[in-house]
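All residue numbers in this chain count up from 1 along the given sequence.
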Amino acid sequence: MMAHANHPFHLVNYSPWPLTGSIGAMTLTAGLTKWFHQYDMSLFLLGILITLLTMIQWWRDISREGTFQGLHTYPVTLGLRWGMILFIISEVFFFVSFFWAFFHSSLSPTIELGKIWPPMGIYAFNPFQVPLLNTAILLSSGVTVTWAHHSLMEGNHSQTTQGLFFTILLGVYFSALQAYEYIEAPFTIADAVYGSTFFMATGFHGLHVLIGTTFLAVCLIRHLQNHFSKNHHFGFEAAAWYWHFVDVVWLFLYISIYWWGG
C-alpha cells in the first residue's frame with residue numbers, strides 16, 4: 001500500500017487495535033457487572049488498562065499516518081469529515097432518547113408519582129447554583145476552543161496552546177463540579193423515574209465531557225509536537241466540533257432538566 005499511496009481511498013494497514021479494543025470493551029463491560037454484583041473491581045480495572053493501551057497505540061498509528069506518512073489526502077480528509085459529522089448526528093439521537101424519556105414522564109406524571117413533577121419526596125437541585133456555574137464554564141470553554149481554532153488557522157502557535165490549555169482546564173473544572181454535585185445529591189438513580197432520567201442524561205453528558213477533554217488533551221500534545229498546520233489540522237477540528245456538540249447538549253440539559261424540570 002505504501003508504494004501506491006497517491007489514491008483517493010482511505011486504505012489502512014493491518015492493525016491489531018480493533019481486536020484489542022473489542023476485547024477491552026468486553027472486559028470493561030463484564031468488569032462493571034462483576035463490580036456491581038460482587039464488589040470486585042479487578043476485572044473492571046483490567047478492562048480499563050486494555051482500553052487505555054489500545055487507545056494510546058491506535059491514536060499513535062493514526063497520528064503517524066496523517067502527519068508523517070502523508071496518507072490523509074484531501075479526499076481522505078473529506079471522508080473523515082463526513083464520518084465525524086455522521087457520528088455527531090448519531091450522538092444527537094442518542095441524547096434525544098434521554099430527553100424523550102424525561103419529557104414523557106414529566107409532562108404527564110403518573111398516579112404512582114403523585115401526579116406531580118418532580119415526584120413527591122424528590123428535592124431537585126437549585127438551577128442557579130452549581131448548574132448555572134457549570135453552564136458558564138462550558139460556554140467559556142466554547143469561547144476558548146474557538147480562540148484556539150482561529151489562532152491555529154492564523155499560524156499563532158502560542159495562542160493556540162493557550163486556548164487549548166484553558167479549554168482543557170475548564171473541562172476538568174466542569175467534571176470536578178459535577179462529581180461534587182453527584183456526591184451532594186439529595187436523591188439517587190433509584191429514586192423513581194426522576195432519578196433515573198436525571199442521572200442517565202447528566203451522567204452520559206459528563207462521560208462525553210471526559211471524552212472531549214481527553215480528545216482536546218491529545219490535540220494539545222500533537223500541537224506541541226507541531227503535527228498541525230494552517231491547512232492540515234482535521235484532528236483538532238474534529239475535537240472542536242465534538243466540544244461544541246457537548247456544549248449545546250448541556251444547554252438543553254440545563255434548560256429542560258435543571259431549570260424547567262426542577
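Cluster membership for Met120 and Phe187, using ILVMFWY side-chain heavy atoms within less than 4.5 angstrom, is not shared. In the hydrophobic cluster analysis, where Ile, Leu, Val, Met, Phe, Trp and Tyr join through side-chain heavy atoms closer than 4.5 angstrom, Ile56 is grouped apart from Val218. Note on Leu169: it does not cluster hydrophobically with Tyr180, by side-chain heavy-atom contacts below 4.5 Å among ILVMFWY residues. Placement of Leu177 and Leu251 in two distinct hydrophobic clusters is found when ILVMFWY residues are connected by side-chain heavy-atom separations under 4.5 Å, directly or transitively. Using a 4.5 Å cut-off between side-chain heavy atoms of Ile, Leu, Val, Met, Phe, Trp and Tyr, with links allowed through other members, Ile189 and Tyr123 fall into different hydrophobic clusters.
Using a 4.5 Å cut-off on side-chain heavy atoms (C-beta onward), Arg222 and His233 make no contact. Between Val209 and Trp250 there is no side-chain heavy-atom pair separated by less than 4.5 Å. A heavy-atom distance below 4.5 Å is not found between the side chains of Asp40 and Trp35. When side chains are defined from C-beta on, Phe36 does not count as touching Phe44, because their heavy atoms never get closer than 4.5 Å. The shortest distance between side-chain heavy atoms of His149 and Phe236 falls below 4.5 Å. Annotation: side chain of Ile48 is in contact with side chain of Leu28 (closest heavy-atom distance under 4.5 Å).
Looking at every heavy atom in both residues, Ala238 comes nearest to Met84 through O-CE, 3.5 Å. For the residue pair Tyr194 and Ala124, the shortest heavy atom distance occurs at OH-CB, 3.4 Å. Taking each heavy atom of Ile50 and Gly24 in turn, the nearest pair found is CG2-CA, 3.5 Å. Nearest heavy atoms, His72 versus Thr77: O-OG1, 3.5 Å. When every heavy atom of Gly66 is checked against every heavy atom of His232, the shortest pair comes out as O-NE2, 3.4 Å. Minimum heavy-atom separation, Phe199 to Ala185: CZ-CB, 4.0 Å.
Taking the six-membered ring where the residue is Trp, Tyr258 and Phe125 present tilted rings, their angle falling between 30° and 60°. A perpendicular orientation is assigned to the rings of Phe95 and Phe98, their planes being inclined by more than 60° (bins at 30° and 60°).
Residues Phe102 and Trp117 place their aromatic rings such that the two centres sit under 6.0 Å apart. Centroid-to-centroid, the aromatic rings of Trp59 and Phe215 stay 6.0 Å apart or farther. Phe166 has its ring centre no less than 6.0 Å from the ring centre of Tyr173.
To the nearest 0.5 Å, atom OH of residue Tyr74 and atom CZ of residue Arg81 are 7.5 Å apart. Atom-to-atom distance recorded for His208:NE2 and Ile211:CD1 is 5.5 Å, nearest 0.5 angstrom. Rounded to the nearest 0.5 angstrom, Leu207 CG and Ser175 OG are separated by 9.5 Å. The structure places CD of Glu65 at 9.5 Å from OG1 of Thr67, a figure rounded to the nearest 0.5 Å. Atom CZ of residue Arg64 and atom CD1 of residue Ile62 lie 11.5 Å apart, to the nearest 0.5 angstrom.
By the neighbour-count criterion of 12 heavy atoms within 6.0 Å, atom NE2 of His104 is sparsely surrounded, having that number or fewer from other residues, nucleotides or ligands. By the neighbour-count criterion of 12 heavy atoms within 6.0 Å, atom CZ of Phe128 is densely surrounded, having more than that number from other residues, nucleotides or ligands. Around CH2 of Trp260, the count of heavy atoms belonging to other residues, nucleotides or ligands within 6.0 Å exceeds 12. For Trp259, the CH2 atom sits in a loose shell: 12 or fewer heavy atoms of surrounding residues, nucleotides or ligands are nearer than 6.0 Å.
Although no hydrogens or angles enter the test, the distance criterion places a donor-acceptor pair under 3.5 Å between the side chain of Tyr254 and the main chain of Pro127. When atom types are taken as modelled, the side chain of Gln57 and the backbone of Leu53 share a donor-acceptor pair closer than 3.5 angstrom. Distance alone, capped at 3.5 Å, is enough to place a donor-acceptor pair between the Asp191 side chain and the Thr188 backbone. Without hydrogens or angle criteria, Tyr182 side chain to Gly203 main chain gives a donor-acceptor distance under 3.5 Å. Under the 3.5 Å distance criterion, the side-chain polar atoms of His227 are left unmatched by any main-chain donor or acceptor of His223.
Donor-acceptor pairing under 3.5 Å is lacking for the side chains of Gln178 and His205. Between the side chains of Ser141 and Trp243, at least one donor-acceptor pair of N or O atoms lies under 3.5 Å. Side chain to side chain, Thr167 and Thr144 meet the donor-acceptor criterion of an N or O pair below 3.5 Å.
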Quiz item: Under the side chain to side chain contact (heavy atoms under 4.5 Å, CB included) criterion, do Phe245 and Val248 qualify, and how do the steps go?
Solution: CA-CA 5 Å; Phe245 159 74; Val248 171; 5.8 Å; no
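Residues meeting the side chain to side chain contact (heavy atoms under 4.5 Å, CB included) test with Ser256, sequence neighbours left out: Phe99, Phe103.
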